[in-house]
Amino acid sequence: MTSVLVTKRIWPDAIDLLRRSVDEVEYVETDDGIGAEELLTRSRGKQAIVSQLTDKFTAAVLDQLAGIRIISNVAVGFDNIDVPAAVARGILVTNTPDVLTDTTADFAWTLLMAAARRVVEGHAYVHSGQWRKWAVDLLVGQDIHHRTLGIFGLGRIGQAVARRARGFSMRVLYHDVQEIDNDLGAEFVDKETLLRESDFVSVHVPLSDATRKLIGEPELRLMKPTAILVNTSRGPVVDEAAVARALRERWIAYAGLDVFEREPQVHPDLLALENVVLAPHIASASIETRRKMSMMAAENAIAGLQGRRPPNLVQV
Ligand code: GLV
């Protein structure tokens, strides 16, 4: 008998697929998430878990997941799972890459453009009835075209962001652990050059010990006072308190942030600033993409349960 635990609400089509393919589906049909204790209780007797980035699988939790063969995360990121520890315990881990690449890149651009052209400030201005007359310098922002975009992490999403920059005739710089062959005209530079020369810095690295606080006070101080920082990767890649200070003291001009260190909490200083656009971790949140992510996670779990190699196995 096959049995799966779905820890949080996912797209209904994916639940239908699981119900057609797996003997028992225990579905926690809320957005609240379950704590470690409930996760362990509900996992008993299951062989698969369809999880989300709010479920934490530490080595200690994995130790207690007797019988689990596969953890299928509904996300491309898998920093919520200690993958080496899972592998060591014979548990497969899967994610949902590719389907969200363009959607996430679109959203990095949404934040970049909203910040550069002060869209959110403009909306608040109109909405609150402050708009009385046209003025030559009313809410003037930054040009995007023909400027320099710096990308940290030229993986799938970083490349999709770079591809979009071509339409804006931009110079594109990138930094990564190594130079990456690309036909996007993106130029490999060291971290310092990227920070010093970019008008826009967009972060697209996975969260790991190597990338935690990749952007902190020293990095922000290297950036131009007119620069805009965009983060759609993971909150802890950027030091939120340092960004708040950089924005308040104008070491940089603006930021567009979709991810935070302690979601759903946002550093209170950021909430008090006007030169930041904040979003609630929705970079991959288009209807089609969230449906595809859910379906993919269901398919990965089913493959694992049926003893097949899941299509999106995470390897470390
Ligand atoms: C979302 O943040 C994801 O990793 O898919």
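A quick note: this is a predicted structure, and the numbers were derived from the prediction, not measured. Indexing begins at 1, ligand by ligand and atom by atom, following the structure's order. Sequence positions, counted from 1, serve as the residue numbers for this chain. The figures that follow rest on heavy atoms only: side chains count, while hydrogens, waters and symmetry mates do not.
From the protein, the heavy atom lying nearest to atom 5 (O) of ligand 1 is Val76 N, 2.8 Å.
With contacts defined as side-chain heavy-atom distances shorter than 4.5 Å, the pair Trp11/Ile287 qualifies.
Less than 4.0 angstrom separates some heavy atom of Met293 from each of these atoms of ligand 1: 5 (O). Counting the atoms of ligand 1 from 1 in the order shown, those under 4.0 Å from a heavy atom of Leu100 are 5 (O). For ligand 1, the atoms sitting less than 4.0 Å from at least one non-hydrogen atom of Gly77 are 3 (C), 4 (O), numbered in the order shown with element in parentheses.
With a heavy-atom cut-off of 4.0 Å, Leu53 touches ligand 1 through its side chain alone.
Ring centers of Tyr174 and Phe188: under 6.0 Å apart, within the cut-off.
Remark: among candidates Arg234, His281, Arg290, Gln52, the nearest residue to atom 4 (O) of ligand 1 is Arg234, based on non-hydrogen atoms.
Of the candidates Arg147, Lys191, Arg171, Arg171 is the only one forming a salt bridge (charged side-chain N to carboxylate O under 4.0 Å, His left out) with Glu197.
Note on Ile71: it clusters hydrophobically with Leu5, by side-chain heavy-atom contacts below 4.5 Å among ILVMFWY residues.
Checked for salt-bridge contact, Asp269 and Arg245 miss the test: no charged N lies under 4.0 Å from a carboxylate O.
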